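Below is one structure, written out as structure tokens; the observations come after it.
The model shown is predicted, which means the values in this text are computed figures rather than measured ones. These values consider heavy atoms only, across backbone and side chains, with no hydrogens, waters or symmetry-generated copies.
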Amino acid sequence: MNEQVRPVILEQAAQTAKRSHQPLLSRRYALEVRQQLAWHWQAVIIGLALLLGLAISAAILVAAGVPAGELLNEFVIMTVFDAQSLTAVLFQASPMILVGLAGCMAFRAKFWNLGLEGQMIWGAIGATAISLFEVGPQTLRLPLMLAAAIFCGLLWALAPVLLKLRLKVNEIISTLMLNYLAINFLLHLLYGSWKDPKSSFPYSPQFQPFERLPELFDGVSAAVPLAVVVALLALWFLGISRAGLYLRFVDANPRVAGAVGVPVKKMIIGTVLISGAMAGIAGFLVTAGQEGRLTQSFYQGYGFSGILIAFLARNNPVAALVVALLMAMLFVAGRSLQVFYQIPFSMVQLIQAILVICVASSDFFIRHRIRRVQGGES
């Protein structure tokens, strides 16, 4: 070896050995922004975050009195491999798929639609009005209820998107406030003119049999294929259509999209209206499929679940279907825990919050990396 090169190599080896024996607290690190991370590594990071969230949730459930050996049985075996429970999961997943897709749609357009519950409420109100006032013949009553739910849902989403585009009103505030307006109007109806005259309880009269979503086979409601059809249409819109291509530009950078000729405002308005229509359909599915009438609490939990599904799915409609099924499994298993272990349903909401925190934290590691600075001590 060249005599001039040998001292350099020996010095580098000595520095490397010195750094390896350097105390941890005296080492220097730098936080860097990642330019790009491969999708499979993103999936690994998100998967690890979900596993951490599930581990924390399992520890909380065990501390609350659920035997550790029963967790797998309750959340997987009895939920997926039991025919009755699987039917309940599909039934519960139908409106969740729609609110999750509604969230994905709006978030793709850079519109933070937190008014999914309000849009669900108005969709259900529109469907119930068709029933109460007996609009149309019996054979067309159910399609008319669906159309009214779509119209009322998108109409309730129109106000905040116009407020944002015309007056620069923050959509987070406007959609949240409109939720309270919708909730109080619902209570006004159910404690007033729409109260059931037979029982005098604060819910609407029972829908007629021809106004309920029918069961197709083995207890599977028509809500399931309806949700799948809407999901396929959303997948076509976001992934194949020209509007979906425009929406990708808007999602990436609205200013650049407008500069290259994309009709940004029209895309935002149209996408938000579709989001509201999907939430309205979800309200129709719950009232005409699950409840059989308009009740004062049918919407509770769906708004937060829709935002959670869209967030976990990264606004991907295919991933939203999977996440919605997992959320439905969580809800069904949570009801089972309520019955057999007296676990409050708020525990299910706590698990949702833990998963959100863990996935939100994983975004830091997707966008950043910690690199050790070579040489020097702090």
Has Phe304 got more than 12 heavy atoms of other residues, nucleotides or ligands less than 6.0 Å from its CZ? yes

Could you tell me whether a side-chain N or O of Asn113 sits under 3.5 Å from a main-chain N or O of Gly103, the two making a donor and an acceptor? no

Among Gln206, Arg141, Arg293, which residue satisfies the side chain to side chain donor-acceptor pair (under 3.5 Å) criterion with Glu211? Arg141

Give me the atom names and distance for the closest heavy-atom approach of Ala320 to Cys104. CB-SG, 3.9 Å

Crowding at NZ, Lys265 (>12 non-hydrogen neighbours, <6.0 Å): no

Locate the shortest heavy-atom distance separating Met278 from Met105; write the atom from each residue and the value. CE-CE, 3.9 Å

Go through the steps for Arg314 and Ile46 under the test side chain to side chain contact (heavy atoms under 4.5 Å, CB included), then give the verdict. CA-CA 10 Å; Arg314 303 278 172 159; Ile46 295 173; 3.6 Å; yes

Going by heavy atoms in the side chains, are Ser204 and Thr287 under 4.5 Å from each other? no

Would a 4.5 Å heavy-atom cut-off, applied to side chains only, mark Ser275 and Arg108 as touching? no

Side-chain heavy-atom pair Leu54, Leu355 within 4.5 angstrom cut-off: yes

Rounded distance (nearest 0.5 Å) linking atom CD1 of Ile183 with atom OG of Ser297: 11.0 Å

Sidechain-backbone polar pair: Ser131 side chain, Ala127 backbone, donor-acceptor under 3.5 Å: no

I would like to know whether Phe331 and Ser305 meet side chain to side chain contact (heavy atoms under 4.5 Å, CB included); could you show each step before the answer? CA-CA 10 Å; Phe331 269 75; Ser305 297; 3.7 Å; yes

Quick check on the hydrophobic clustering: are Phe249 and Ile240 connected, directly or via other members, by side-chain heavy-atom contacts under 4.5 Å? yes

Using every non-hydrogen atom in the two residues, find where Gly301 and Glu117 come nearest and quote the distance to one decimal. N-OE2, 3.6 Å

Do Leu330 and Val323 belong to the same hydrophobic cluster, where Ile, Leu, Val, Met, Phe, Trp and Tyr are linked whenever their side-chain heavy atoms lie under 4.5 Å apart, directly or via other members? yes

Excluding Leu86, membership of its hydrophobic cluster (Ile, Leu, Val, Met, Phe, Trp, Tyr; side-chain heavy atoms within less than 4.5 Å) reads none

Within the structure provided, determine whether Thr128 and Phe207 are in side-chain contact (heavy-atom separation under 4.5 Å). yes

Sidechain-backbone polar pair: Thr271 side chain, Ile268 backbone, donor-acceptor under 3.5 Å: no

Sub-4.5 Å side-chain heavy-atom contact between Phe185 and Ile121: no

Closest non-hydrogen atom pair, Ile97 against Ala227: CG2-O, 4.3 Å

In one Ile/Leu/Val/Met/Phe/Trp/Tyr side-chain cluster, 4.5 Å: Leu165, Phe107: no

Over 12 non-hydrogen atoms of neighbours within 6.0 angstrom of CZ in Phe201: no

If Ile, Leu, Val, Met, Phe, Trp and Tyr residues are connected whenever their side-chain heavy atoms lie under 4.5 Å apart, and connections chain through other members, are Leu155 and Ile130 in the same group? yes

Are Leu158 and Val264 in one and the same hydrophobic cluster, where Ile, Leu, Val, Met, Phe, Trp and Tyr link if side-chain heavy atoms are under 4.5 Å apart? yes

What verdict does the side chain to side chain contact (heavy atoms under 4.5 Å, CB included) test give for Phe298 and Leu186, after you've listed the backbone C-alpha separation in whole Å, the side-chain angles of each residue and the deciding distance to 0.1 Å? CA-CA 11 Å; Phe298 76 93; Leu186 173 67; 4.1 Å; yes

Tell me the closest heavy-atom pair linking Met96 and Ile309, and the distance in Å. O-CD1, 3.5 Å

Side-chain cluster (under 4.5 Å, hydrophobic types only) that Val228 belongs to, other residues: Leu232

Residues Leu178 and Pro160: closest non-hydrogen pair is CD1-CD, 3.6 Å

Would you give the length of the straight line joining atom CG of Leu238 to atom CG of Leu101, rounded to the nearest 0.5 angstrom? 8.5 Å

Residues forming a ring pair (Phe, Tyr, Trp, His ring centres under 6.0 Å) with Phe364, sequence neighbours excluded: His368

Is a side-chain donor or acceptor of Lys110 paired with a backbone partner of Asp251 at a separation under 3.5 angstrom? yes

Could you label the plane-to-plane angle of the Phe133 and Trp194 rings as parallel, tilted or perpendicular, counting under 30° as parallel and over 60° as perpendicular? perpendicular

I would like to know whether Val286 and Glu291 meet side chain to side chain contact (heavy atoms under 4.5 Å, CB included); could you show each step before the answer? CA-CA 6 Å; Val286 176; Glu291 302 285 347; 4.0 Å; yes

Check for a donor-acceptor pair, side chain of Gln119 on one end and backbone N or O of Trp156 on the other, with a separation under 3.5 Å. no

Min side-chain heavy-atom separation Ile354-Ile60 under 4.5 Å: yes

Roughly how far, to the nearest 0.5 Å, is the CG atom of Leu247 from the OG atom of Ser241? 8.5 Å

